[in-house]
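Worksheet: the structure to be examined is printed underneath.
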Amino acid sequence: MKKLKVATASLAGCFGCHMSLLDIDERLFTLLEKVELDRSPLTDFKQFGPCDLGLVEGGLCNAENVEVLRELRRHCKVLVAVGACAINGGLPAQRNHLDVRECLTSVYGRTVPDDPELPLPLDRVHAINDVVKVDYFLPGCPPSAEALWHFLDDFLNGRTPHLGHGLISYD
Amino acid sequence: MSPAELSQLLHRHHGDPNRLLQMLREVQAAAGWVSPEVITELAKGLTLPRARVEGVATFYTLLATRPRGEYQVLFADNIIERFHGSVALRERLCAALGVAPGALRPDGRVSVGTTSCIGLSDQPASLLVNGLAIARLTVERVDAIAALIGQRAPLDQWPAELFHVDEPIRRAGLLLGAHLEPGAAVRAALARSSEALLEELKRSKLRGRGGAGFSTHDKWRAARDAPGPTRFVVCNADEGEPGTFKDRTLLRRQLDAVLDGMTVAAHAIGAQRGFIYLRGEYLFIAPAIEAALAARRAAHLLGRDVLGRTGFDFDLELHLGAGAYVCGEESALLESLEGRRGIPRRRPPYPVTHGYLQRPTVVNNVETFASVAHVALAGGARFAELGTERSTGTRVHSVSGDCARPGLYELPMGASVRELLDACGAEAPIQAVQVGGPSRTLLSPRELDRALCFEDLPSAGAFMVFGPQRDLLEVVASFARFFAHESCGFCTPCRVGTTQLQGAVDALVGGRGTRRDVRHALRLCALMRDASHCGLGTTAGRPFMQLYEKFKPTIERSLSSLEFRPTFDLDEALAPARALTGRDDERAHLEDP
């Protein structure tokens, strides 16, 4: 069977969800028999190619996050919001009750850098489904390796992903 | 509040935790807010956990847990009031007083906010100032209010005319047209045994007027037969359904019929105590009720040996709510009566066996008790002559919106929608009629021959008329906002669902809606209907679902795109950072696709 193309991206997140993906341990070999990685922090490719599946960690805190997310959406048949930040904004969204101008001036003082290389922050941190259509939501902070594996296993085998008891927990 | 005042307060309420809400209301009235120190002291005085007291204080809209000023103005934010310019009037008052909407003026004098419908949509726009209602707002009246607050005139020195509330009874029937002697129905009831009285009630086929239409006879018999040493009678005067105000009129024009009905209930089920749970927004009616209770005690219509009947002891107390729609649900009302947050109980067991203090309790609507008085007086058979086979008697409709004569219309059960529209002078073409408030039925013009009775259109009495100039999407958005605000927060489907539904409908109103929002809204409506804890959540999605079913193009023409669209303006979200860095390069912008 043809390998599925998978891209991943980390936006305003902590890489915890990617670490959780690595935590599937030896099942990574099984995974790599079935998928080929496209642009991802794990490959360091610079461009997205046409993909079957995109996994997104982290929410949107700046213009670059939005651009990357839109690029990924354009290239993916199916997009998954992975983890609390992608789904709801998560920890970075704690700045949403502050004025972004105050955040910048309290960090940089009076001269906020104007280098075009630095992405401009949005006034508020947003969940990714505020900006693009999301097909699946995989909750958790981070989702456990079991949950990620379960999702991928279902997806790769053509089953509607279903996280049963024990794979989602509230705390 | 000084420690001495607090200890007096506790003493006056016998240190009874069941009276916590009443104490908090008094604190609010005296101090203008409920401070953290007062919460601590009340918790100590009542030996309650502090969180319990704070939980109650933060639950009710009319209790402030932060200073809101010497003058606390709350505009009714019902859709009818909006269509009568309440938003512009509120902005005018804010501008005149130099206060930001919802905020406290820096000098601590005044705040201007909003609250849900306050039961005055027959005389919009309206507001509460320190809990007292002012109706028929105009630019002149708003300016007068601004001047009085500017002069710092004490509320009791404001012109009495300002607080005058009309009772526009346009059509009176059995209830509103009656001239009953106080106690007449009690006398008639005492002439019968409680068993005979229940039989009369059965013959009357009277059904509860709160909306659900449960048989009053069955409810009373169940309470009478339930085991327990004490029983209670509770009058639900917490009419919070937007667009409803008939209980206001019944309590002001037919109070003795209502109190007679409650006393008759006490005789029928063997109750010793009763409560009138009056919504906090009707504070202006409270003095008249207290006076009537005192007069009835003096006339031996309440107290020991009522009307000389040895062993028939019954007394009534007035309890005030503090702004919570959900307390209209009977088990939430009982929680509130017991001084707790108004969170609906799990049912069964029902209040007839486990009500107030877990004792058998009859909870009926104001209009039901008024009807009971007439059943006791003229007999069940006479009462059943009015109305239809399964909906007997009359119904008082609260008519508001786009018609020449808003007000109260008492019609026999089963009257058609068209009949009521003709009576109130609603001019064709009608765009829609909302019967029974947001939680009931949205009617299209094709349905005007439907009947106002339990068989067809059950209702708690609200009747809002919308002319062709109105945007129904805006109506539904207002209802969505209402449910999101009034959700008690106990169950997730309703707490989260009502807020998400509001977001989806607001996106449509704001011109950013997509098919995805419509699909999402419909899914939420179904989820809330199937999974919520109480009636608030199960009905919260009805307005949108009915709009979708009956006025689909109204939704479709508001769509900005059939595809996905971001929920916010991306480029605008970069504006603050752009301004601060002075950048305007390509990467400092995001396009809306």
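It should be emphasised that the depicted structure is a prediction, and the values quoted were computed from it without experimental measurement. Each chain gets a letter, A, B and so on, in the order the sequences are listed, and its residues count up from 1.
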Max heavy-atom pair count under 4.5 Å with chain B, selected residue of A/Glu67, A/Glu64, A/Glu117, A/Arg124: A/Glu67

Interchain contact, A/Asp115 with chain B, by part (heavy-atom threshold 4.5 Å): backbone

Spacing of CH2 belonging to A/Trp149 relative to OG belonging to A/Ser20, to within rounding of 0.5 Å: 14.0 Å

Heavy-atom proximity to chain A below 4.5 Å, by part of B/Arg583: side chain

Under 3.5 Å: donor-acceptor pair, side chain of B/Arg578, backbone of B/Asp571: yes

Closest-packed option against chain B by number of heavy-atom pairs under 4.5 Å, given A/Pro113, A/Cys103, A/Ala63: A/Ala63

Closest contact, heavy atoms only, A/Val68 versus A/Phe48: O-CE1, 3.9 Å

Quick one: side chains of residues 489-497 of chain B, donor-acceptor pairs under 3.5 Å with protein atoms, not counting sequence neighbours, listed by atom name and distance.
unit_1, atom_1, unit_2, atom_2, d
B/Thr492, OG1, B/Arg495, NH2, 3.3
B/Arg495, NH1, B/Gly489, O, 2.8

Heavy-atom contact with chain B under 4.5 Å, split by part of A/Val131: both

Results of side-chain hydrogen bond (donor to acceptor under 3.5 Å, both in side chains) for B/Gln28 - residues two or more places apart only: B/Gln72

